[in-house]
Amino acid sequence: MVQEKARVLIVGTGGVGTMSAYALMQGGKADVTAVMRSNYDTAVKNGISIDSIQYGHDIKGFRPTTIVKTVPNVAKEDLKPFDFILVTTKSIPDVSPTVADIIEPAVTPDKTAIVLSQNGLNIEKPIIPRFPSNPIISSVSTVGAKERAPADIFHDDADAQKIGAFQNQSVPQHIAEEAAKKYIGIYNPDGKLDLVYDPDVKRSRWRKLLYNGSFNPIATILRMDTRRMRMCQHIVDDLILPIMFEVLAAARACGVTELTDDLPGKILLNDDMRFEFKPSMCQDIEKGNLFEMENIVGEPLREGEACGVAMPTLRTVYGLLKGLQLQVKESKGLWEPKFTADNPYK
């Protein structure tokens with residue numbers, strides 16, 4: 001008897017989302033519906049071109065099972081429910097529509113598991129109350145992929161993910177864990193990829209924040225690649241390492257005790273110094289795009305300070321980032337420069 005394929009919807013089919021679609025299709029266990037917007041016409045007409053370190057450098061004409069321009073409305077379109085929704089969009093909760101708003105039409109209560117493959121802390125908090133009966137899954141990913149042109153993907157860092165279940169009081173934990181393990185089985189049925197089940201989602205997200213919470217915001221403020229930052233010793237000593245140790249202290253205060261004192265020094269040396277790499281937040285602001293500020297910097301800052309941890313470097317950096325984000329919002333017509341009624345400085 002042929003096993004029915006899982007129905008997977010991918011929201012955010014840029015570089016990372018496309019490589020997820022490719023992996024799922026290669027595994028043969030899923031039918032993939034990909035939401036594509038600016039790249040929709042090219043993908044439908046010619047398929048997607050992929051230059052991949054993992055799958056080959058001259059892949060032409062790749063197409064997911066179905067390509068759509070907008071998130072399907074399962075009820076109104078009388079569609080079969082999705083088993084999984086994979087979200088690979090940027091996490092920018094300070095701008096509408098939110099992730100929950102975007103995916104809501106495609107979520108079937110008690111059925112659809114929601115996989116959040118996004119950076120930062122507390123990304124699940126707005127999702128759980130909107131979809132209380134659905135398993136919410138965390139994917140901490142280190143895949144490197146970007147869209148060079150519409151439907152043209154450059155994949156230069158192998159797909160590696162730690163996948164586990166977020167805590168959701170309305171869904172029994174064993175059910176959420178089973179959903180996470182099922183997703184791994186669909187994504188990586190032959191065990192060829194570096195996908196591992198992670199029972200400690202909280203630890204993995206805090207650990208990644210040591211890098212993302214330091215290099216990302218400093219690169220964004222300075223418009224500087226990680227190679228040059230490490231060449232400038234004062235940037236490391238006065239900004240990068242202090243933030244890493246503040247995040248480490250916050251993690252410990254929040255109950256994550258497995259992170260060791262030598263971790264910042266190890267993470268500091270992660271990037272290959274042969275290349276001039278700018279983290280994603282810096283790339284976004286240089287393109288004039290909104291960037292992932294709140295979950296990468298704001299949430300760890302709030303969590304740490306709530307536990308009594310002094311985080312002066314990250315607090316200053318957060319203030320600078322809010323100003324930069326406001327400039328982007330104004331350029332997009334999302335903020336009007338005027339005094340509010342409660343502003344004491346008018």
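Values below: every heavy atom of this structure, side chains too, minus hydrogens, waters and symmetry copies.
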Any donor-acceptor N/O pair, D237 side chain to L241 backbone, under 3.5 Å:
no
Any salt bridge linking R130 with D101? Criterion: basic side-chain nitrogen under 4.0 Å from a carboxylate oxygen.
yes
Using the test ring pair (Phe, Tyr, Trp, His ring centres under 6.0 Å), find all partners of F82 that sit at least two apart in sequence or belong to another chain.
none
Verify whether one side chain among N134 and T112 offers a donor that lies under 3.5 Å from an acceptor in the other.
no
For E294, is there an ion pair with R302 - N to carboxylate O distance below 4.0 angstrom?
yes
Go through it in stages, so that I can follow the logic: the residues are R230 and L269, the test is side-chain contact (heavy atoms from CB on, under 4.5 Å), and I'd like the CA-CA distance, side-chain angles, deciding distance and then a yes or no.
CA-CA 9 Å; R230 280 170 54 183; L269 304 177; 3.5 Å; yes
Within a reach of under 6.0 Å around NZ of K329, are more than 12 heavy atoms found that belong to other residues, nucleotides or ligands?
yes
For M273, does its backbone N or O pair with a side-chain atom of R227 as donor and acceptor, under 3.5 Å?
yes
So do the side chains of L248 and M244 get within less than 4.5 Å of each other, counting heavy atoms only?
no
Tell me whether R37 at atom CZ has more than 12 heavy atoms from other residues, nucleotides or ligands lying less than 6.0 Å away.
no
Do any N or O atoms from the side chain of K208 and from the backbone of S141 form a donor-acceptor pair under 3.5 angstrom?
yes
Between K181 and E178, is the closest basic N to carboxylate O distance under 4.0 Å?
no
For H155 and D157, indicate whether the former's side chain and the latter's backbone hold a donor-acceptor pair under 3.5 Å.
yes
Just by distance, do the side chain of K278 and the backbone of E286 share a donor-acceptor pair under 3.5 Å?
no
Between Q325 and D94, is there a side-chain donor-acceptor contact under 3.5 Å, judged purely by atom types and distance?
yes
Checking the side chain of E104 only, and the main-chain atoms of A100 only, is there a donor and an acceptor separated by less than 3.5 Å?
no
Side chain S138, main chain G164, donor-acceptor under 3.5 Å
no
Look at the side chain of N39 and the backbone N and O of T13, then say whether any donor-acceptor pair between them is shorter than 3.5 Å.
yes
Atom NZ of K338: over 12 foreign heavy atoms under 6.0 Å:
no
Please tell me if the side chains of L259 and R203 come closer than 4.5 Å, counting only heavy atoms from C-beta onward.
yes
Less than 4.0 angstrom from a charged side-chain N to a carboxylate O is my criterion; do E299 and K125 meet it?
no
Once you measure the plane-to-plane angle for F84 and Y183, does it fall in the parallel (<30°), tilted (30-60°) or perpendicular (>60°) bin?
tilted
Is it true that K202 and D200 make a salt bridge, defined as a side-chain N closer than 4.0 Å to a carboxylate O?
no
Could you measure the distance from the CG atom of L86 to the OG atom of S20? Nearest 0.5 Å is fine.
5.0 Å
E292 side-chain N/O to G120 backbone N/O, donor-acceptor pair under 3.5 Å
no
Quick one: do the N295 and Q118 side chains pair a donor with an acceptor below 3.5 Å?
no
To the nearest 0.5 Å, what is the distance between OG1 (T142) and OH (Y211)?
11.5 Å
Can you confirm whether more than 12 heavy atoms, excluding those of R274, are under 6.0 Å from its CZ atom?
no
Which atom names give the shortest non-hydrogen contact between Q54 and L193, and what distance separates them?
NE2-CD2, 3.3 Å
P72 and L9, any side-chain heavy atoms less than 4.5 Å apart
yes
Is the closest basic N to carboxylate O distance between K266 and D262 below 4.0 Å?
yes
Do N122 and E303 have side-chain atoms, one donor and one acceptor, less than 3.5 Å apart?
yes
The salt bridge (Lys or Arg N to Asp or Glu O under 4.0 Å) partner of D83 among K111, R7, K5 is K111
